[in-house]
2 protein chains.
Amino acid sequence: MSDGKPISIAFEQHDHNACLGKAMQAAQGYCEEHKLQLTPARRKVLELLLQEHRALGAYTILDLLREAGFNSQPPVAYRALDFLVENGFAHRIERLNAFVACALPGTEHSPAFMICRQCETVAETQSSESNFNFSTTADFSGFKIEQTIIEAKGVCNSCAEIEQL
Amino acid sequence: MSDGKPISIAFEQHDHNACLGKAMQAAQGYCEEHKLQLTPARRKVLELLLQEHRALGAYTILDLLREAGFNSQPPVAYRALDFLVENGFAHRIERLNAFVACALPGTEHSPAFMICRQCETVAETQSSESNFNFSTTADFSGFKIEQTIIEAKGVCNSCAEIEQL
DNA sequence: ATTATTATGTTATAATATTGCAATAGGAGA
DNA sequence: TCTCCTATTGCAATATTATAACATAATAAT
């Protein structure tokens, strides 16, 4: 379960340009270190995701790629997204069929997401499996957990305030 | 967080006919009590889901409906599934885009699922939100959780054994 | 009986995702 | 450098999942 503050600052004000630049640098470095090819399409998709603290659908990304002069067939987006997800730069948000940049790239972690149903902002937090009873094999001796998806739908403060009116 | 044994007996041997019959009876009763119409299509879809401890996709259900002599256009399946999910007789498994019968119908609960990646059996367990840190507002003062999806992918014992070979 | 509500029939189409194969680029070893 | 091998991209087609829109029918409420 979550053990602390959300990792993501999605619901807070922050210097987003710095936020993006730092993340791209980190991705760059990680790829060099791990001999991964951060090709133009992959880099662009990561940038697009980092520009938002929201999940973007594959076809939204595809449109943005097209605007940026990339080839615009679906596999372009899906392949880039697969790469980003496999290598921990992004997560798939199942309940939205959409993708969000990872808030903790390069780290083994078990993420949990908070999704505002109003503004669709997605914040990532940690659900450290270690102290998460759900994974204690005692509970379900018949099953071995490999990966857990935790997605919470709700409203963020700003949207909640607006709804009060 | 899970607080006990899995509700579902999906990974265990059991008298499945009894299991199904009881559930249908309960659904029947619940609908009468709550003035819900358990129409033929809805009833049939619930039966189909109860016959499996696996999640079924909408189009699989549609095929089965057709075999059973029902109208086979997509809305038939989706409408029935919507009804069953809204009224707590079934759950949607996001990571599979599929549906599974609820193991605790008629009860307010916050389910968690264990999905075998091999045999696709789905077992439901409880993640009682009350003692689930994830929902303590202290952790993320910027968000109010309304509904949480927890889906664990893994392998069940029988499949794990087969993999050992 | 009349009306309102809820459910179904039907057609079409939207949104999401994958397959398969050909072409090309990047990296590793001779 | 050249060649081979693998990873990536281009491209066309198509599969899968889901919804919209509107007409008709069944049921419930008055």
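Just so we're on the same page: letters track the sequence lines, and every chain starts at 1. As the structure is a prediction and not an experimental result, all values here were calculated from the model.
Side-chain contact between A:P111 and A:I150 is absent, with no heavy atoms from C-beta onward closer than 4.5 Å.
Computed from coordinates, the B:E94 CD to D:dT17 P distance equals 13 Å when rounded to whole Å. Going from atom CG of B:D63 over to atom P of D:dT17 covers 11 Å, rounded to whole Å.
Contacts between chain A and DNA chain C, taken as any atom within less than 4.0 angstrom of a protein heavy atom, begin and end at C:dT16 to C:dG26.
Considering CD1 of A:I115 and CD of A:E120, their distance stands at 9.0 Å, rounded to 0.5 Å.
When each of A:N97, A:D82, A:L81, A:L84 is paired with A:R92, the side chain to side chain contact (heavy atoms under 4.5 Å, CB included) condition holds for A:N97 and for no other.
The side-chain hydrogen bond (donor to acceptor under 3.5 Å, both in side chains) contacts involving residues 21-35 of chain B comprise B:Q28-B:R43, where partners must be two or more places apart or lie in separate chains.
Axis deviation across the helix from C:dA1-D:dT30 to C:dA30-D:dT1 amounts to 40°, comparing end segments of five pairs, rounded to 10 degrees.
By the 4.0 Å N-to-carboxylate-O rule, B:K44 lies too far from B:E67 to be salt-bridged with it.
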Task: CA sep, side-chain torsions, deciding dist, call: A:F99, A:H91, ring-ring contact (aromatic ring centres under 6.0 Å, His included) - done: CA-CA 6 Å; A:F99 301 83; A:H91 298 289; over 10 Å; no
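Contacts of A:N87 classified as side chain to side chain donor-acceptor pair (under 3.5 Å), with partners at least two apart in sequence or in another chain: none.
For the 3.5 Å distance criterion, the side chains of A:N71 and A:R66 fail to qualify, holding no donor opposite an acceptor. Using a 3.5 Å distance cut-off with no hydrogens or angles, the side chains of A:Q147 and B:R95 do pair a donor with an acceptor.
Where B:T60 and A:P40 each meet DNA chain D at their nearest nucleotide, the meeting point lying more 5' is that of A:P40. Closest-nucleotide positions on DNA chain C for B:R42 and B:Q73 were compared, and the one nearer the 5' end corresponds to B:R42.
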Open item on the list: For a quick check, with a 4.0 angstrom heavy-atom cut-off, what is the B/S/- contact string for nucleotides 18-30 of chain D, read 5' to 3'?
Closed with: BBBB-----S---
Please table the atom pairs, donor to acceptor, closer than 3.5 Å between any side-chain atom in residues 45-57 of chain A and protein atoms at least two apart or in another chain.
residue, atom, partner, partner atom, Å
A:E52, OE1, A:R54, NH1, 3.0
A:H53, NE2, A:H14, NE2, 2.9
A:H53, NE2, A:H16, ND1, 3.4

